[in-house]
A.B. asks: 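After the structure tokens below, expect a handful of questions from me.
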Amino acid sequence: MTSNRTRISRFPHLKRDFAASLVVFLVALPLCVGVAVASGVPAELGLVTGIVGGLVTGLMRGSSLQVSGPAAGMTVLVFDAVKEFGLPALGAIVLATGLLQVAMGVLRLGRYFRAISVSVVEGMLAGIGLVLIAGQLYPALAAKAPDSGLRKIAGLPGAFLDALGTEKALASLAVCAGTIAVLLLWKRAPAKLRAVPGPLAAVGLATLAAFALSLPVTTVEVQGLLGSIQPPPLSAFGELAGVGFLGTVVAFTLIASAESLFSAAAVDRLHSGPRTEYDRELVAQGTGNTVCGLLGALPMTAVIVRSAANVQAGARTKASRVLHGVWLLLFAALLPGVLAYIPIPALAGILIYSGAKLVPVRALAVLWRENRGEALILSVTAASIVAVSMFEGVLIGLALAVVKAAWEASHVRLEVVDKGSGPVEAFLSGNATFLRLPKILDSLEPLPQDRPVRLDLSGLHHLDHACRTALENWAERHSAAGTEPVQLTVPARRSPESARAKAA
């Protein structure tokens, strides 16, 4: 009796965490397999990444309740990397990504990922979602997907027409559509049924239907857990000198880190427990990716779907995510043959559903009404990812965000008050920089020279040296016409001593 009480006092949340771990395991299982298949790698490698996310990253400090594993948001990038460099090189890419994440966390750069424009991140996810949807419609039609995002979208009408006369294609499409229908309707199912996570229910029902009806659909190929693990050969690291290889590593690092840390911020809003330590979380993600790279597995990120399921299931500590890794390991070790019964179009349905959730249609409509500049960044980033590639699309989005920030930082407003007699008063407010200098001078030049002018700059938040000098020169020229000197009120130049005193 005493030992039970001691155990309860040492682990007061064990019961809740145990129950939550089972829920997260059931959510993660079909997603791990689906992401791996869509990435063009053995299904078991998705489970390996999920196991590492639980047993390695799950034990580390950072964000206590978010769960890591293979993510749909990395699928397109991984597929392109495997196609270009080969599966053996994937481990080297993921290993380099992990080491880079650890270095950034140690250098305390994790917090700066929060400075990335939300529109760029949402545009990135939207672009991934569109490419993911287009790509997964092909296995849903028992067809081979083209290479580029644009070709995938352009080829869909033809793929649908070809599927109309093929029994295998129609069966695959029916299984995919049924999987999506279950996912959409599962929220309306009775509460007792909803105890089973929607993704697991959808894949389970699709598997039963395909088996019971003997449908001619492709199923997952099984190699065995140990057979699928392929540590990267030394020759793969020689490619690190290549520009394309390094660009892929940077893209992996940027996207995996941003997705993980934005997920952490979202998870923090779901519970009232300890807040995320962003630098430690980046180290934890990097450590997990380093291990995944050594095993030749998929890259990991924190995944909001699994993390939200963890919180909603009542998890209180990181024990739930560690246990979910234990359950994945036991499944991969004891029941790998079960994977061979899962239809590929059912996994395609899971990923199409996940991809659709990455496209923020409603949020974009609201953003367009409130801030068209941010909506434009989101749209252009997504379109660039579809049209060009992941890395270039993100760079284009970041460049647009910087241009927009520079434009807004240089925004200035000139208000002229002319009562018809007496002095003309002009008020400048905002940020006066050299970027806006031509507009400012164009507005000041027409002011009458036969009446006194008062130019008040005290409303400026920032006045750079170029603007200050140009305005002082304009005031001198305007006063030289024989009228009263322009009365110029400028923001006071603070001395270093006063600046330090105000900061203190």
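Starting from 1, each residue takes its place in the sequence as its number.
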A.B. asks: What verdict does the side-chain contact (heavy atoms from CB on, under 4.5 Å) test give for L47 and L29, after you've listed the backbone C-alpha separation in whole Å, the side-chain angles of each residue and the deciding distance to 0.1 Å?
C.D. replies: CA-CA 7 Å; L47 294 176; L29 179 60; 3.7 Å; yes

A.B. asks: Counting only N and O atoms by type, is there a donor-acceptor contact under 3.5 Å from the side chain of K318 to the main-chain atoms of L59?
C.D. replies: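 Here the side-chain-to-backbone pair exists.
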
A.B. asks: Do S260 and E281 have side-chain N/O donor and acceptor atoms under 3.5 Å apart?
C.D. replies: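 No, no side-chain donor-acceptor pair sits under 3.5 Å.
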
A.B. asks: Do L26 and W327 come close enough that some side-chain heavy atom pair is under 4.5 Å?
C.D. replies: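 Of all side-chain heavy-atom pairs linking W327 with L26, none is under 4.5 Å.
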
A.B. asks: What is the distance from atom CD1 of I396 to atom CE of M124, rounded to the nearest 0.5 Å?
C.D. replies: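 Between atom CD1 of I396 and atom CE of M124 there are 14.5 Å.
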
A.B. asks: Under 6.0 Å from the CG atom of L234, do we count more than 12 heavy atoms belonging to anything else shown?
C.D. replies: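 Counting other residues, nucleotides and ligands, CG of L234 stays at 12 neighbours or fewer.
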
A.B. asks: State, to 0.1 Å, how close A236 and F245 come at their nearest heavy-atom pair, and which atoms those are.
C.D. replies: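 Looking at all heavy atoms of both residues, the shortest contact is O-CZ, 4.0 Å.
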
A.B. asks: Check L137, I352, I350 against C176 for a side-chain contact (heavy atoms from CB on, under 4.5 Å) and give me the one that passes.
C.D. replies: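 Exactly one candidate clears the test, I352.
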
A.B. asks: Step through the shown structure and confirm whether more than 12 heavy atoms of other residues, nucleotides or ligands are within 6.0 Å of OH on Y341.
C.D. replies: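 No.
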
A.B. asks: Kindly give the heavy-atom pair with the smallest separation between A38 and F79, and that separation in Å.
C.D. replies: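 That would be O-CD1, 3.5 Å.
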
A.B. asks: Applying side-chain contact (heavy atoms from CB on, under 4.5 Å) to V56 and M300, what does each step give before you reach the verdict?
C.D. replies: CA-CA 11 Å; V56 177; M300 75 165 56; over 6 Å; no

A.B. asks: Verify, without hydrogens or angle tests, whether R275 (side chain) and G273 (backbone) share a donor-acceptor contact under 3.5 angstrom.
C.D. replies: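 Pair found, side chain donor or acceptor close to backbone of G273.
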
A.B. asks: With the side chain counted from C-beta on, respond yes when L295 and P231 share a heavy-atom pair under 4.5 Å apart, and no when they do not.
C.D. replies: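 Counting from C-beta outward, L295 and P231 never come under 4.5 Å.
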
A.B. asks: Report yes or no: does T75 contribute a side-chain atom to a donor-acceptor pair with the main-chain N or O of A72 at less than 3.5 Å?
C.D. replies: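 Yes; at least one donor-acceptor contact below 3.5 Å.
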
A.B. asks: Does the side chain of I342 reach to within under 4.5 Å of the side chain of L347, using non-hydrogen atoms?
C.D. replies: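 They are in contact (side-chain heavy atoms under 4.5 Å apart), so the answer is yes.
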
A.B. asks: Within this structure, what is the OG-CD distance for the pair S228 and E221, rounded to the nearest 0.5 Å?
C.D. replies: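 One finds 12.5 Å between OG of S228 and CD of E221.
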
A.B. asks: How long is the span from the CG atom in L22 to the CG atom in D17, to the nearest 0.5 Å?
C.D. replies: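 Reported value, rounded in 0.5 Å steps: 11.0 Å.
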
A.B. asks: Do T97 and N289 meet the criterion of a side-chain donor-acceptor pair at a distance under 3.5 Å?
C.D. replies: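 Their side chains do not contain a donor-acceptor pair, so the 3.5 Å distance test is not met.
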
A.B. asks: Please report the shortest heavy-atom distance between S119 and L367, naming the atom on each side.
C.D. replies: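 Result for this residue pair: OG-CD2, 4.1 Å.
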
A.B. asks: For residues L282 and S257, determine if any side-chain heavy atom of one lies less than 4.5 Å from a side-chain heavy atom of the other.
C.D. replies: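 With C-beta onward as the side chain, the pair touches.
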
A.B. asks: Look at the side chain of N310 and the backbone N and O of A315, then say whether any donor-acceptor pair between them is shorter than 3.5 Å.
C.D. replies: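 A pair under 3.5 Å: no.
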
A.B. asks: Given 3.5 Å as the limit, does a donor-acceptor pair link the side chain of W186 with the main chain of A202, or not?
C.D. replies: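 Not confirmed, W186 side chain does not pair with A202 backbone.
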
A.B. asks: Please evaluate residues V27 and L200 with respect to the criterion side-chain contact (heavy atoms from CB on, under 4.5 Å), reporting the C-alpha separation (whole Å), side-chain torsions for both, the decisive distance (0.1 Å), and the verdict.
C.D. replies: CA-CA 6 Å; V27 171; L200 183 67; over 6 Å; no

A.B. asks: Which distance, rounded to the nearest 0.5 Å, do you find between the CG of L132 and the CE of M74?
C.D. replies: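 Here the rounded value is 13.0 Å.
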
A.B. asks: What's the spacing between L45 CG and I51 CD1 if we round to 0.5 Å?
C.D. replies: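 These two atoms lie 10.5 Å from each other.
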
A.B. asks: Would a 4.5 Å heavy-atom cut-off, applied to side chains only, mark Y138 and K144 as touching?
C.D. replies: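 Y138 does not reach K144 side chain to side chain.
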
A.B. asks: Using 0.5 Å steps for rounding, measure from the CZ atom of R306 to the SG atom of C32.
C.D. replies: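 Going from CZ on R306 over to SG on C32, the span is 4.5 Å.
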
A.B. asks: Kindly say whether G244 contributes a backbone atom to a donor-acceptor pair with the side chain of T248 at under 3.5 angstrom?
C.D. replies: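 Here the side-chain-to-backbone pair exists.
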
A.B. asks: Give me the atom names and distance for the closest heavy-atom approach of L298 to P70.
C.D. replies: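 Minimum heavy-atom contact is CD1-CB, 3.9 Å.
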
A.B. asks: Looking at every non-hydrogen atom in both residues, tell me the closest pair between L240 and A96 and how far apart they are.
C.D. replies: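 Smallest heavy-atom distance, with atoms named: CD2-CB, 4.3 Å.
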
A.B. asks: Count the heavy atoms of every other residue, nucleotide or ligand shown that sit under 6.0 Å from CZ of R194, and state whether that count exceeds 12.
C.D. replies: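 It does: R194 CZ has more than 12 such atoms within range.
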
A.B. asks: Is the backbone N or O of V41 less than 3.5 Å from a side-chain atom of S39, with the two atoms forming a donor-acceptor pair by type?
C.D. replies: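 Absent.
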
A.B. asks: Tell me, do L254 and L398 make a side-chain contact under 4.5 Å, heavy atoms counted?
C.D. replies: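 They are in contact (side-chain heavy atoms under 4.5 Å apart), so the answer is yes.
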
A.B. asks: Donor-acceptor pair, S379 side chain versus L376 backbone, under 3.5 Å?
C.D. replies: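 Pair absent, no side-chain N/O of S379 close to backbone of L376.
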
A.B. asks: Under 4.5 Å between any side-chain heavy atoms of L323 and F25, yes or no?
C.D. replies: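 When only atoms from C-beta onward are counted, F25 and L323 do not touch, as no gap falls below 4.5 Å.
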
A.B. asks: Using atom types as modelled and distance alone, determine if a side-chain donor or acceptor of R321 lies under 3.5 Å from a backbone N or O of Q66.
C.D. replies: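 Yes, the answer is positive, given that a donor and an acceptor are paired below the 3.5 Å cut-off.
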
A.B. asks: Closest approach of A206 and T179, non-hydrogen atoms and distance?
C.D. replies: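 For A206 and T179, the tightest heavy-atom pair comes out as CB-OG1, 3.6 Å.
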
A.B. asks: Can you check whether S320 reaches V24 side chain to side chain, under 4.5 Å on heavy atoms?
C.D. replies: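 Side chain of S320 against side chain of V24, heavy atoms only: no contact under 4.5 Å found.
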
A.B. asks: Tell me, with the steps shown, if T287 and T57 meet side-chain contact (heavy atoms from CB on, under 4.5 Å).
C.D. replies: CA-CA 7 Å; T287 303; T57 304; 5.8 Å; no

